[in-house]
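The block underneath contains the structure these notes are about, expressed in structure tokens.
Per chain, numbering begins at 1; letters A, B, ... match sequence-line order.
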Amino acid sequence: MMRNGIELLVRRVSAIHQHSISSSFQVLPQFCTSSSSSSASPSSKLFIGGLSWSVDEQSLKDAFSSFGEVAEVRIAYDKGSGRSRGFGFVDFAEEDDALSAKDAMDGKGLLGRPLRISFALERVRGGPVVVSRIGKSKRDRERVFK
DNA sequence: GGTGAGCGA
């Protein structure tokens with residue numbers, strides 16, 4: 001359905017190119033993306049952020065087991081204090097269930113706090129994985145005072 | 001402490 005619109009757009013663009021130059025034009029796949037948000041990795045592991053400080057693995061599993069079979073649930077606890085860091089991971093038996101759970105629970109409130117769910121990235125071996133929404137380096141801010 | 005990335009085979 002949406003493809004027709006894209007094809008029409010492509011035809012218009014090619015028509016414009018006709019009177020100019022007949023080089024090999026190609027359409028970038030970036031413009032063909034549907035209304036899909038970022039983090040569309042094919043994985044059944046979910047990263048759960050924005051959790052309340054009082055949530056535990058049992059509560060999280062109980063909240064997500066209604067969408068499908070939960071294979072594994074893990075909460076990140078602070079090493080030293082023993083308290084939860086406010087985020088965790090949920091592994092579903094099927095990717096479809098994970099996608100449904102993410103779509104259903106992302107942005108919803110749990111224990112009074114809105115949840116932030118994304119597909120989990122496996123931790124890099126030999127070092128902590130660093131990922132951010134903006135992916136901006138803090139070192140880019142060089143203080144040039146004086 | 002709130003914009004996030006874990007553990008133990």
Is it true that A/S100 and A/D97 share a donor-acceptor pair across their side chains at a distance under 3.5 Å? no

Contact between A/I117 and A/F47 at the side-chain level, heavy atoms closer than 4.5 Å - yes or no? no

I want to check something: taking the side chain as every heavy atom from C-beta on, are A/V70 and A/D91 in contact at a cut-off of under 4.5 Å? no

Which one, B/dT3, B/dG6, B/dA5, comes nearest to the side chain of A/R116? B/dT3

Between the side chains of A/D56 and A/S84, is a donor N or O closer than 3.5 angstrom to an acceptor N or O? no

A/F87 ring over B/dA5 six-membered base ring, under 5.5 Å and 30°: no

Take the protein atom CZ of A/R113 and the nucleotide atom C1' of B/dG1, then report the distance between them rounded to whole Å. 11 Å

Quick check on contacts: within residues 50-62 of chain A, what sits under 4.0 Å from DNA chain B by heavy-atom distance? A/G50, A/L51, A/W53

Students often get this wrong, so: under 4.0 angstrom with heavy atoms, is A/R83 touching a base, only sugar-phosphate, or nothing? nothing

Once you round it to whole Å, what is the distance between P of B/dG2 and CD1 of A/I117? 21 Å

Is A/L51 close to A/L60 at the side-chain level, that is, under 4.5 Å between some pair of heavy atoms? yes

Pairwise 5' ranking along DNA chain B for A/D78 and A/A120, keeping only the more 5' one: A/D78

Interatomic distance, A/L110 CG vs B/dG4 P [rounded to whole Å]: 20 Å

Apply side chain to side chain donor-acceptor pair (under 3.5 Å) to A/D78 and list each qualifying residue two or more places apart in sequence or on a separate chain. A/S81

Send over the distance from A/I48 CD1 to B/dG6 P, rounded to a whole Å. 15 Å

Picking from B/dG2, B/dG6, B/dA5, which would you name as closest to the side chain of A/F47? B/dA5

Once you round it to whole Å, what is the distance between P of B/dG4 and CG of A/L121? 14 Å

Counting the atoms with a prime plus P, OP1 and OP2 as sugar-phosphate, which does A/S84 contact under 4.0 Å by heavy atoms, base, sugar-phosphate, or nothing? base

For A/I75 and B/dG1, what is the distance between atoms CD1 and P respectively, to the nearest whole Å? 20 Å

Could you label the plane-to-plane angle of the A/F67 and A/F64 rings as parallel, tilted or perpendicular, counting under 30° as parallel and over 60° as perpendicular? tilted

Rounded interatomic separation in angstrom, taking CG from A/L46 and C1' from B/dG6: 14 Å

